[in-house]
Structures are given as structure tokens and as C-alpha cells.
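Have a look at the structure below, then the notes.
We count ligands from 1, going down the list as the structure has it; atoms in each ligand are counted the same way.
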Amino acid sequence: MTGSFKINRRALIGSAGMGAIAAPFLLRTNAFAQTAQPQTSMEINHVMPPDTHRFKLGNFEVLVVKDGARPSGKPGETFGTDQTPETVGALLEENFLPKDQFVNSFSPALINTGSDLVLFDTGFGEGGREAGNGRLVEGLAAAGYTPEDVTVVVLTHMHGDHIGGLMEKGKPAFPKARYVFGQVEYDFWTDTKRAGTPAEGGHKAVLANVKPLAEKATFIGDGAEVVPGITAIAAFGHSPGHMIFNVESNDKRLILTADTANHFVLSLQRPDWEVRFDMDKAAAAATRKRVFDMVATDRVAFLGYHMPFPAVGYVEKQETGYRFVPKSYQFDI
Ligand SMILES: [Zn+2]
């Protein structure tokens with residue numbers, strides 16, 4: 001079975017004409033009929049390269065890499081925690097999604113400005129590999145970049161799925177980069193007052209992964225320029241110092257909204273609903289509405305770290321929130 005699978009795959013990958021494709025397909029169909037064993041399980045188990053997606057933004061180039069994805073049950077225990085699970089499930093079903101499961105994906109982005117390679121967030125890193133995450137560096141390699149090429153690493157905030165990839169085997173994963181950290185976020189997580197609180201795990205992770213890089217870091221606040229064309233905007237709530245970024249080149253604009261919204265249906269269509277991941281729920285909801293009102297009003301594209309890959313789209317304002325419209329060819333023409 002393995003043999004016939006390899007033949008099929010080689011024939012399909014090669015520059016074969018229709019005849020060459022059709023022949024192994026027939027072979028395979030016959031094999032299926034004889035054994036009545038589905039062979040597709042092998043294809044499903046085959047480890048695929050991480051998803052990458054590249055597009056132009058004016059004179060900049062944006063590369064999105066899928067660091068991984070995490071399926072979870074009980075959406076109502078994460079999103080709409082102030083609603084009944086039935087209400088949450090009904091909104092999911094209305095949007096063609098299962099009511100009792102959801103998938104969260106993780107999309108760091110690398111922006112090539114022509115003079116800098118700026119990486120926004122770092123995924124799970126080595127700590128996530130057992131679960132199939134932590135694939136950022138693999139994805140960068142597929143797009144032709146080495147970790148040494150990255151000149152600036154920016155953190156939107158300091159939760160584990162954003163800072164896990166900063167260090168690799170105790171050393172900086174992006175050895176030639178300088179860093180840009182939000183001052184408020186850094187001060188919160190490094191404060192020893194976090195010990196013995198629910199933030200203790202995060203505190204320890206920041207001490208291990210972020211603090212060792214502080215001497216190569218610039219600490220920023222609202223309105224700071226990261227590099228020409230990229231400016232920080234305070235968007236506190238999801239975490240105490242959560243930052244988003246306005247990216248502009250040659251009249252094209254993209255807002256990196258990071259974790260302002262964590263689900264393309266539940267967080268956008270119902271921005272007021274409480275989310276377990278939001279550390280200050282009222283502030284996070286207020287920020288969500290402020291940011292996505294701007295995204296909708298300005299009709300500008302946004303890249304949301306947890307949006308469905310490639311994590312870029314637009315929003316249309318509706319009565320109770322926003323409808324997510326995934327990007328298609330807007331940047332290709
Ligand atoms: Zn996150």
C-alpha cells in the first residue's frame with residue numbers, strides 16, 4: 001500500500017500529462033476495489049509543510065506563517081463565558097461551524113520593509129512541538145529566510161503562544177535581532193508581585209524567555225515607531241499592555257490586531273461577549289469595539305494572530321458586531 005501511494009504521489013507531483021496522471025489513478029482505484037481498504041489515511045497522516053502565505057503591501061512584503069493550531073472542545077467555556085453554552089453554540093452553527101468544538105490557530109508574521117525584516121510574535125517554539133505547534137522557523141525556511149535574517153522581533157504581548165519561540169535551547173532563536181517590547185506589558189509580567197497569583201505561570205515564562213533579551217530591547221508605548229511605516233497603538237485589555245500595529249507603505253495599509261479578537265465569529269460578531277483569555281474583560285471588549293470600528297470605518301485590512309489562516313481580512317460593521325471577510329486577491333493587483 002505504501003508503494004502504490006508513493007507512485008501516485010510522484011506521478012502527480014511530476015510534470016506528467018493527463019495520461020500519466022490517469023494511469024496510476026486507475027491502478028489505485030483497482031487496488032481499492034480489490035482490498036476494500038481505504039488508502040487515504042496515509043495521506044492524512046503525512047506531515048505537511050507549515051502553511052505560509054506571502055503578499056505585497058505597497059513596497060513591503062508580508063509573510064504569514066502558521067505556527068500551528070489547537071483544537072478544543074466546549075467553545076462556550078472560552079468565548080461568551082457570560083452567555084449560555086447554547087447561545088454560543090447557536091451562533092457557531094449559524095456560521096456553518098460545529099457548536100461543540102473549535103480550532104484556534106497561531107499566525108506570526110514577518111514584514112520585509114526593504115531595509116528590515118520585522119517579525120511580529122514568535123509562536124510556541126520548542127515547548128509546542130510535541131503538540132504539532134512551534135513551526136514558525138520551519139515556515140520561515142520554506143519561504144527562504146533563516147533565523148539570522150530577522151533584524152527586529154516585536155512582541156504584541158507576552159502570552160505563551162507569542163513568546164514561546166523567542167528562545168531555542170536556552171539561546172535566542174533570532175540571534176541577530178533587536179527587540180521591541182511594550183513597556184507596560186513587560187513591567188506587568190516581570191513584576192515579582194505576580195508570584196502566587198494566576199499570572200505566576202506567565203511571569204515565569206517571561207522571566208525565562210523575554211527578560212534575557214531585555215538589554216537588546218527598545219521599550220515602547222502608544223504611538224511609537226518601530227521602523228519607518230510601522231507604528232504601535234495601545235490596545236490594552238486582552239493583556240495589561242497589549243499592543244497592535246499600523247503598517248503603511250505606498251498608500252497601502254494593514255493593521256496587525258494581534259489578540260484584540262480571538263475568534264473570527266464569536267469575538268467579531270459579538271465583541272461584548274466575555275472571553276476567558278482576556279485578562280481585563282471590560283477593557284478588552286471596549287478595545288475590541290474601538291479597534292474594529294476603526295478597521296470597518298477605514299475599510300482597511302487587518303491581520304489577526306488567531307484569525308483563520310492566512311489570518312488577513314476585512315470587517316463589515318453589523319448591528320451587534322462585525323462580519324469577517326477573508327482577504328482574496330486585493331493585494332495581488
Ligand atoms: Zn494569542
Side-chain angles (χ1 to χ4, degrees), residues 50-51 64-72 75 77-81 102-110 119-129 131-136 139 153-167 173 179-182 184-186 188-189 198-199 201-206 208-210 232-245 254-268 271 273-281 283-285 287-288 291-292 295 302-313 324:
D51 286 338
V64 193
V65 176
K66 188 167 166 182
D67 188 69
R70 183 170 55 202
S72 306
E77 290 185 1
T78 296
F79 298 97
T81 50
F102 71 102
V103 174
N104 194 3
S105 56
F106 313 93
S107 293
L110 182 76
L119 177 65
F120 289 86
D121 295 329
T122 65
F124 283 94
E126 57 194 350
R129 302 244 163 84
N133 298 314
R135 303 190 74 189
L136 168 63
V153 176
V154 182
L155 294 181
T156 60
H157 65 297
M158 298 184 183
H159 285 163
D161 52 324
H162 300 256
I163 66 168
L166 281 169
M167 305 289 277
Y179 300 87
V180 176
F181 300 152
V184 174
E185 186 77 356
Y186 184 81
F188 174 84
W189 290 109
H203 168 62
K204 286 183 178 160
V206 168
N209 270 28
V210 184
I233 305 168
F236 301 169
H238 173 72
S239 68
H242 180 261
M243 305 292 284
I244 65 172
F245 295 87
L254 175 75
I255 301 182
L256 306 187
T257 57
D259 285 25
T260 305
N262 279 334
H263 190 285
F264 75 106
V265 167
L266 300 174
S267 300
L268 286 176
W273 283 8
E274 291 190 356
V275 180
R276 183 166 55 90
F277 302 136
D278 290 342
M279 294 172 70
D280 181 334
K281 296 186 186 356
T287 294
R288 204 152 34 242
V291 168
F292 285 99
V295 172
F302 79 102
L303 192 163
Y305 192 79
H306 298 290
M307 294 296 111
F309 191 83
V312 181
F324 179 63

### Query
Sub-3.5 Å donor-acceptor pair from the side chain of Arg135 to the main-chain atoms of Lys66, do we have one?
no
### Task
Could you list the residues that satisfy side chain to side chain donor-acceptor pair (under 3.5 Å) with Ser239, not counting sequence neighbours?
Glu185
### Query
Yes or no on ring pair (Phe, Tyr, Trp, His ring centres under 6.0 Å) for Phe302 and Phe292, after CA distance, side-chain angles and deciding distance?
CA-CA 9 Å; Phe302 79 102; Phe292 285 99; 5.1 Å; yes
### Message
I'd like to know if the side chain of Asp121 and the backbone of Pro108 have a donor-acceptor N/O pair within less than 3.5 Å.
### Response
no
### 2.8 Å cut-off (strict), protein N, O or S atoms about the Zn ion (ligand 1)
4
### Query
With the threshold set at 4.0 Å, does a side-chain nitrogen-carboxylate oxygen contact exist between Arg288 and Asp278?
yes
### Query
Between Asp161 (side chain) and Gly123 (backbone), is there a donor-acceptor pair under 3.5 Å?
no
